[in-house]
Each structure stands twice: as C-alpha cells, then as structure tokens.
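Here the structure is laid out as structure tokens; the discussion comes afterwards.
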Amino acid sequence: MAINKVAVIGAGLMGSGIAAHVANAGHDVVLLDIVPDGAKKRSELAMNAVERMLKTEPAAFMEKRTAKRITCGNIEDDLKLLADADWIVEAVIEKRDIKQAIYRLIDGVRKDGSIVSSNTSTIPCRDLMDGMDESFQRDFLITHFFNPPRYMRLLEIVAGDNTRADAITAVSEFADIKLGKGVVDCKDTPGFIANRIGTFWIQAAVVEAFKGTVTVEQADAAIGRALGIPKTGIFGLMDLVGIDLMPLVSKSLYDTVPENDAYRALYGEPELIVKMIAEGSIGRKGKGGFYRLNKDSGKPVKEVIDLATGNYSKALRLTPDSVRAAKSSPRKLFEHGDAASAFAWQVMSSTLCYAADLIPEIADTVVAADDAMKLGYAWKSGPFEMIDKIGAEWFAERLKAENRDVPALVALAAEKGGFYRTEQGRLQYLSTDGSYVTIERPAGVLLLSDVKRASKPILRNGSASLWDIGDGVACLEFHSKMNAIDPETLKLIGQSVAAVGKDYKALVLHNEGSNYSVGVNLGLALFAINVGAWPMMEDMIKQGQDAFKALKFAPFPVVGAPSGMALGGGCESLLHCDA
C-alpha cells in the first residue's frame with residue numbers, strides 16, 4: 001500500500017517534529033492534540049507547536065512554507081480528519097491506558113487498512129495491544145523516532161505478534177525513501193536496541209567517572225573522537241539532551257529489563273546530578289550543566305564542574321596522552337595505562353560485553369545493533385565493528401586476564417577472526433551459529449563501499465578515484481582529508497569526464513565520507529599565498545574552472561549525490577551537475 005497522507009496525535013516535541021518532517025517530504029499532515037482547560041482556541045496546542053517550530057533551532061522545517069502542509073486540530077472536534085489518513089502516528093504521554101484510549105478513538109474513524117503506530121521507547125508492543133481488537137492489532141506497530149526527527153536518522157520498528165507484513169513494509173519504505181531514515185527492525189524488548197545499549201553506556205560512564213579517577217573533560221576526551229564517538233562524549237551529550245531526561249530514561253529501563261540484567265546492578269543516580277536537576281542546571285536548555293558559559297567578566301568563559309565538589313572552574317581543554325596515542329589505533333587508547341585510558345577501557349569493555357550478551361535477545365544480528373548505534377548515537381562504528389577494530393582475540397584475552405566473563409559471541413568472534421569479513425568481494429557478518437552470512441542490501445540500495453570491496457578503480461590518485469558502479473555508470477569519489485578540493489581532485493575530474501565520455505553512459509559524484517567536501521584545501525592555498533606562489537594559485541583557479549566547465553558541458557548526464565557539508569569548491573562541483 002502507498003502512504004500519502006499522515007496524521008499525528010500528540011503535538012509535543014516528538015509528535016510535532018514527526019509532523020514537520022513528514023511535511024518536509026512533501027506530504028499533507030494532520031496534527032491533533034487535546035483541548036486544554038481554559039483554551040482560547042480549542043486547537044491551540046497543535047497550532048502553537050507549529051508556530052514554535054517555525055522559530056526553533058535547529059530548524060524543524062526545511063522551508064517555512066512547508067508548515068502550510070500541516071492541518072492543526074484537536075481530538076474532540078477533528079477526529080474526522082483521520083478518515084483518509086494512510087498512516088496515523090500516536091505520540092502522546094508514555095502511559096498505556098492513555099495510549100489505548102487514543103487507539104479506540106482512532107479505530108472509530110480510521111479507514112480500513114490504515115496503519116497505526118506508536119512513537120514509544122518504553123512500553124512493549126504486546127502491552128499496548130493487550131485487549132485491543134485483532135483487526136486493530138494487524139494494522140499496528142511501533143515506530144520509534146529519535147529526537148529531533150528531522151536530523152536523527154534512526155527509526156526503530158517493532159512489529160507485534162499479529163502485525164501484517166505489508167504494513168511493516170509500507171512504513172519501512174516510506175520512512176527510508178521519503179523521510180531519509182535508516183530503518184532498523186527491533187525485537188519487542190525493553191529500550192529496543194539503541195537505547196538499551198546507549199543507556200547502559202551512559203550509566204557505565206557516569207558510575208565510573210564519579211569514582212573520582214578522571215575529570216569531566218578527561219572522561220569526554222577518552223570516550224569521544226578517539227573511538228569514533230561524537231566529541232560531546234558522555235557529559236557533553238547529557239548537557240545536550242537535557243540532564244533532567246536521563247533519570248527518566250534510566251529508571252524506565254531499570255523497571256523493564258529482566259532482574260538478572262547487568263544494567264540493574266549498574267543503575268544509580270549520583271547525589272550531585274539530583275542536586276543539579278533541582279537547581280535547574282540541566283544542560284544547554286537550562287543554566288548550564290556539566291559545562292557552562294560564565295559571562296560574569298563580560299567575555300564568555302567555558303567552565304566545567306568538579307564531580308567531587310560540585311564547584312566550577314575554567315575548562316582546561318587538555319588532551320590526555322592516551323587519547324593522542326589513539327589516533328593511530330583505538331586499541332592504543334586502552335593499552336596506554338593513564339587515568340583516561342583506564343576509564344575508557346572500563347566503560348567501553350563493559351558496554352561491548354553488554355551488547356554481545358544481548359544478541360539475539362534484542363536483535364537477530366550484530367548488523368542491526370551496529371546500525372542502531374551508528375544511526376541513533378552517531379557512533380562511526382557500532383559495538384561489534386568496534387570490537388573488530390581493536391581485535392576480537394585481543395579483547396577476549398584481556399577480559400580473561402582480568403578474570404572477567406567473556407561473552408559467548410565474543411569468544412566465537414575471537415575464534416573465527418572477527419564479526420565481519422570480506423569473502424569474494426562481499427561483506428559478511430558472523431551469525432550466532434558460527435557461520436558467516438552475506439549482507440544483502442534492500443532493493444534499490446547501492447553502496448559505494450560494496451562496489452569498492454569487489455573491484456578496482458578505473459582511475460585513481462591520492463585525492464580521488466573513479467569507480468564502475470554498473471549499468472554503464474561511473475562514480476567519482478573524493479577521498480582527501482575531509483574531501484577537500486586540491487589540484488589532484490581537479491585533475492581527476494577532468495580525466496573522469498574524458499574516460500566516461502569514451503566508455504560509459506553517465507557519471508555520479510558521490511562519496512561515503514562524513515561530508516561530501518569542505519571546499520578548497522585551505523592549507524595548500526595559504527602555503528601558496530605565504531610564499532607568494534601566485535602562478536600556482538592562478539593555475540589552480542584555472543584548473544578548477546576547466547574541471548567544473550567539463551562537468552557542466554559533458555555529453556552525458558552528470559548527477560551529484562552528496563551528504564553532509566558541500567562548501568566552496570565542493571558546492572561548485574554539484575552546481576555544475578545536471579541533477
């Protein structure tokens with residue numbers, strides 16, 4: 001079935017954000033909420049939510065005019081607006097009785113075959129469907145978006161025992177193709193995948209840091225970029241999402257995981273965090289958190305809290321030696337031996353073991369767990385990819401040396417040589433039965449990384465490569481640092497246009513870097529300026545003009561397929577494409 005019109009019940013932060021992103025995709029949306037006591041306008045909650053999103057940063061709408069696609073209403077007067085909706089998303093308070101009351105209202109007006117989903121992360125699908133009509137259960141599933149919906153790519157989908165397969169397919173394809181989501185199928189378990197692992201990770205870091213062996217800054221440096229984790233680390237992340245939300249998420253998971261779950265032994269709430277929440281020091285949305293900006297002197301000074309005393313002092317911004325050592329390999333971080341190294345090992349080894357012990361409880365494959373953490377928490381490598389990077393055998397041997405239990409799946413990976421391998425140009429993952437299974441991409445999905453595993457480039461230099469991606473199409477990939485444009489990049493653009501014109505039918509500009517291209521290599525340009533190498537600068541500018549002109553007037557289609565930043569010369573390369 002095709003999804004065209006969408007309705008969202010609940011105009012809070014998540015519900016309104018979901019509505020905005022569906023509108024971004026070019027679809028009409030109905031947004032309903034309750035009628036508040038003493039309301040001047042009966043639909044003011046939904047209307048105010050749209051007005052708020054027009055002013056918020058980061059922007060919920062891609063263009064402000066997109067807001068016109070949202071029709072605001074309330075559940076007392078406007079339920080009839082759901083009659084022609086293909087997909088109805090419930091995003092109300094996390095209480096089962098309230099959600100089920102909404103479902104009964106929906107069921108009275110929705111059309112046959114319309115899909116209903118809940119944006120919940122704490123209530124199992126089986127509990128939500130307990131006592132509901134079987135016909136409703138067939139059309140129901142959980143769709144767990146991450147906040148903010150426009151920017152966070154993960155969408156976790158949980159099917160009920162009776163959910164029909166074509167409903168899952170319809171929502172998955174719509175979310176993937178229209179909303180740009182990375183869809184991960186989850187089992188009906190507490191916290192699903194990303195929050196089950198991610199909440200343990202945060203809790204483990206908080207518990208370890210409050211032992212007093214590292215400062216907040218050292219903790220965030222140790223569990224940050226060195227491991228392919230965003231630079232916010234742990235405490236910066238808590239400041240970003242709101243420190244006041246963490247106890248709610250933590251307690252919810254504690255209440256729902258099995259009694260023998262490792263998380264229950266780890267759970268706790270330090271007195272300092274309780275005090276910070278009471279005082280309104282809840283992070284960026286409050287008056288500061290673990291970090292704050294002190295403007296008393298007129299000039300903002302970044303300060304950081306002392307976990308032992310609760311006092312603030314100027315942030316030192318020092319990089320621990322172990323973190324510097326990790327630039328060559330993440331294992332170097334764990335092997336170094338300073339305080340940051342010991343902290344990182346304790347937190348990450350516990351988290352990686354926890355993830356391994358949860359397969360296949362929360363997901364059938366390690367791929368699903370890795371994808372969930374990459375899409376939901378912006379890790380560059382998922383937990384099992386991380387174990388492969390540090391070495392599965394080394395990881396298992398260190399756990400044994402510390403007299404710690406080695407998860408069965410880790411022991412299996414250590415024996416087999418890792419969780420992933422390339423066989424005959426195909427990426428495979430280790431299954432729980434000890435065999436390797438080839439990763440099959442969904443229909444319509446082509447990854448350059450898969451092409452690169454199975455072939456050699458048509459052309460290549462230090463900054464760019466040209467690949468044959470099939471069907472007579474070639475792909476030009478930038479791979480300099482941050483994909484910056486330099487003379488080698490420009491040279492290969494010209495060579496690629498000539499090669500494609502001779503042997504191929506079309507050219508795609510694409511890479512799988514964090515950013516498509518940050519523009520010209522400023523280091524090279526500044527060097528030329530400092531030594532007065534003006535002819536070199538003039539040649540590079542002329543080379544760029546010729547390269548982009550070649551793209552624009554190529555006798556075949558040229559398509560730009562970017563993601564992330566496209567600045568300066570990177571943007572210019574796209575502006576000269578046909579599409």
Side-chain angles (χ1 to χ4, degrees), residues 3-95 98-99 101-102 105-106 109 116-121 143-155 174-175 178-181 239-245 248 280 282-287:
I3 294 176
N4 293 304
K5 184 177 179 179
V6 177
V8 180
I9 314 295
L13 199 62
M14 284 301 299
S16 60
I18 294 168
H21 196 49
V22 173
N24 287 334
H27 292 265
D28 292 334
V29 189
V30 171
L31 180 61
L32 306 183
D33 210 311
I34 62 171
V35 179
D37 293 337
K40 294 180 180 178
K41 296 180 180 178
R42 291 177 63 79
S43 301
E44 67 178 31
L45 289 183
M47 295 166 66
N48 290 345
V50 173
E51 287 299 316
R52 182 187 69 246
M53 289 191 295
L54 287 168
K55 302 171 185 175
T56 56
E57 290 293 338
F61 292 110
M62 292 180 178
E63 296 178 334
K64 289 190 175 182
R65 63 184 179 183
T66 303
K68 295 178 180 178
R69 295 188 183 277
I70 299 179
T71 300
C72 296
N74 65 79
I75 59 174
E76 292 184 22
D77 307 326
D78 302 306
L79 279 177
K80 59 183 180 294
L81 295 176
L82 306 183
D84 60 345
D86 303 302
W87 178 23
I88 302 167
V89 182
E90 167 270 304
V92 304
I93 190 170
E94 293 286 89
K95 292 186 177 180
I98 293 177
K99 289 179 181 289
I102 293 291
L105 291 175
I106 292 171
V109 296
V116 182
S117 73
S118 175
N119 182 66
T120 182
S121 62
T143 48
H144 179 216
F145 288 82
F146 276 60
N147 191 42
R150 176 183 168 187
Y151 298 93
M152 297 304 294
R153 287 199 58 213
L154 178 60
L155 177 67
F174 181 84
K178 295 298 183 75
L179 302 184
K181 295 298 172 189
D239 276 359
L240 180 64
V241 302
I243 297 170
D244 56 327
L245 293 179
L248 303 177
I282 56 175
R284 297 187 189 182
K285 65 182 180 181
K287 55 185 182 182

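Only this structure's heavy atoms are used, side chains among them; waters, hydrogens and symmetry mates stay out.
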Residue that, paired with Asp33, satisfies side chain to side chain contact (heavy atoms under 4.5 Å, CB included) out of Ile75, Leu45, Val8
Leu45

Verdict with supporting geometry, Asp78 and Val30, side chain to side chain contact (heavy atoms under 4.5 Å, CB included)
CA-CA 9 Å; Asp78 302 306; Val30 171; over 6 Å; no

Rounded to the nearest 0.5 Å, what separation is found between the CD atom of Glu90 and the CG atom of Asn119?
8.0 Å

Summary of ring pair (Phe, Tyr, Trp, His ring centres under 6.0 Å) pairs that have at least one residue in residues 32-65, sequence neighbours excluded:
none

Please name the pair of heavy atoms, one in Val29 and one in Ala23, separated by the smallest distance, quoted to 0.1 Å.
CG2-N, 3.8 Å

Taken to the nearest 0.5 Å, the spacing of Leu31 CG from Asn74 CG works out to 11.0 Å

When Lys5 is tested against each of Asp84, Asp86, Thr71, Asp28 for side-chain hydrogen bond (donor to acceptor under 3.5 Å, both in side chains), which residue passes?
Asp84

Residues in ring pair (Phe, Tyr, Trp, His ring centres under 6.0 Å) contact with Phe174, at least two apart in sequence or another chain:
His27, Trp87

Would you say Lys181's side chain and Met152's backbone share a donor-acceptor pair under 3.5 angstrom?
yes

CD on Glu76 to OG on Ser43, rounded to 0.5 Å
9.5 Å

Decide yes or no on side chain to side chain contact (heavy atoms under 4.5 Å, CB included) for Ile18 and Thr143, but give the supporting numbers first.
CA-CA 11 Å; Ile18 294 168; Thr143 48; over 6 Å; no

With sequence neighbours left out, write down each residue that passes salt bridge (charged side-chain N to carboxylate O under 4.0 Å, His left out) with Lys178, or none if nothing qualifies.
none

State whether the side chain of Tyr151 and the backbone N or O of Ala59 hold a donor-acceptor pair below 3.5 Å, judged by distance alone.
yes

Considering all heavy atoms, the nearest Gly26-Arg69 contact:
O-NH1, 3.3 Å

Looking only at heavy atoms, the pair that brings Pro36 and Glu44 closest together is CG-OE2, 3.7 Å

Looking at Ala46 and Gly73, what are the two nearest heavy atoms and their distance?
CB-O, 3.8 Å

Qualifying residues under salt bridge (charged side-chain N to carboxylate O under 4.0 Å, His left out), relative to Glu63, sequence neighbours excluded:
Arg65

side-chain hydrogen bond (donor to acceptor under 3.5 Å, both in side chains) contacts touching residues 12-23 (sequence neighbours left out):
Ser16-Arg52, His21-Asn24

Give me the atom names and distance for the closest heavy-atom approach of Gly17 to Pro149.
C-CG, 3.7 Å

So that I can tick it off, tell me whether Asp244 and Lys285 are bridged by a salt bridge, with the cut-off set at under 4.0 angstrom between side-chain N and carboxylate O.
yes

From Leu105 atom CG to Leu79 atom CG, the distance as rounded to the nearest 0.5 Å
5.5 Å

Partners of Thr66 by side chain to side chain donor-acceptor pair (under 3.5 Å), sequence neighbours excluded?
none

Enter the distance from Leu32:CG to Ile9:CD1 here, rounded to the nearest 0.5 Å.
4.0 Å

To the nearest 0.5 Å, how far apart are CD1 in Ile98 and CD1 in Ile93?
5.0 Å

Compare every heavy atom of Thr120 with every heavy atom of Glu94, then report the nearest pair and how far apart it is.
OE2-OG1, 2.7 Å

Are side-chain heavy atoms of Val89 and Val22 found at a separation under 4.5 Å?
no

Would you find a donor on one side and an acceptor on the other, under 3.5 Å apart, between the side chain of Lys80 and the backbone of Val109?
no

